[in-house]
Amino acid sequence: MSTEHNVVSVSGGKDSTALLLLAIERGTENLQAVFADTGHEHPETVAYVQYLNDTVFPIRTIRADFTDRIAAKAVFIADEWREQGVAEEKVLRALAVMKPTGNPFLDLCIWKGRFPSTKARFCSEELKRNPIIEQVQRPLLDAGDDVVSWQGVRRDESENRRNLPERECKEVRADTGAELWNYRPILDWTVDDVFAMHRKHGIKPNPLYQQGMGRVGCMPCIHARKDELLEIALRFPEEIERVSEWERIVGDAGKRDVVGQTFFTARGESNETAYSVGSIWQRIEWSKTSRGGRQYDIFRTEGEQEGIALCTSIYGLCE
Ligand code: SF4
């Protein structure tokens, strides 16, 4: 007889924390809490997940591993790039950085030779969704057990979450008959409901919410708003320093100096030859401006969204 396992994805954000508290409050059986660490989280978020682990429920941390894919890419570069006539100096620079660092986000970008972007959103899938499927859900389904994937998404967050069903069957395994279900019990909750759940259980929210962050997760996220980027630069300059170093490494890993080799890329990147808008430092300078980037506004801490959408993953894995 199969067992039903309940898997809650914890991001360190308010919604997934409320979701975990709800699962515990209901006395949910065979409960697992999982944190997919991207390697690009703010240290406060990593510490907050540890706090939840210590005070609320044991949380298993998992990470994506790109070791094999980077090794295969190195072989590809050595053979194919040279055959394609790529400059030897470029080949050697790429091979020099084609080594896993153990940081999932950076290793993903080294393998891809580029950063993810608002149009090429492979980060959430590669760093969160796939590791959870491969390392947590698939072994349970392989064993013939059912899996209920709890997702902390809310209708009022975005248009593509508005019409999501509370429950949906995603997969029925032909070999074992095991079923994978998505379950979204806080779909109709408001932000106030979410923070009320924290208070009800005496759990403090992630402290980043009190430091100007509208959402927590990667620091910065590729979907960061202009005002959030400015807040990050002012409060956590060490995170910008880290990304700047990553730009150098990923710049060496890519074949051409095109879109994707700076952390934030240009709009209209469907044109493959479009150039990025510049380094993260240039983007920070832009974040200090108003009026289309032409005028400095150093006192502004809340800004327009500049058409950049928040994370649109319907899984809510990035909060
Ligand atoms: S938080 Fe943002 S940058 Fe990080 S994986 Fe999610 S979408 Fe990508």
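When a ligand or atom number is given, it counts from 1 through the structure's own listing order. Basis for what follows: all heavy atoms, side chains included, without hydrogens, waters or symmetry-related copies. Numbers here simply count residues along the sequence, with the first being 1.
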Just checking: His223, one of its N/O/S atoms, less than 2.8 Å away from atom 2 (Fe) of ligand 1, yes or no?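 So His223 does not bind atom 2 (Fe) of ligand 1 by this criterion.
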Starting from Trp150, can I reach Phe57 by hopping between I/L/V/M/F/W/Y residues whose side chains sit under 4.5 Å apart?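 Looking at the clustering, Trp150 is in the same group as Phe57.
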Would you check whether Leu127 reaches within less than 4.0 Å of ligand 1, judged by its heavy atoms?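 So Leu127 does not count as touching ligand 1.
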Can you tell me if, anywhere in Cys218, an N/O/S atom lies at a distance from atom 4 (Fe) of ligand 1 that is smaller than 2.8 Å?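 Yes, within the cut-off.
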With a cut-off of 6.0 Å (strictly less than), are more than 12 heavy atoms of other residues, nucleotides or ligands near CD of Glu29?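 Open.
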Does Asp79 CG have over 12 foreign heavy atoms under 6.0 Å away?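 Enclosed: over 12 neighbouring heavy atoms sit under 6.0 Å from CG of Asp79.
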Ignoring hydrogens and angles, state whether a donor on the side chain of Asp192 or Thr190 is under 3.5 Å from an acceptor on the partner side chain.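 Looking only at side-chain atoms, Thr190 and Asp192 do not form any donor-acceptor pair under 3.5 Å.
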Going by the closest heavy atom to atom 8 (Fe) of ligand 1, which one wins out of Ser124, Pro104, Cys123?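 It is Cys123 that holds the nearest heavy atom.
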Kindly determine whether Phe263 and His40 satisfy ring-ring contact (aromatic ring centres under 6.0 Å, His included), including the steps that lead there. CA-CA 12 Å; Phe263 189 83; His40 186 31; 5.5 Å; yes
Which ligand 1 atoms, with their elements, are less than 4.0 angstrom from a heavy-atom of Cys221?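 Checking each atom against Cys221, I get 1 (S), 2 (Fe), 3 (S), 7 (S).
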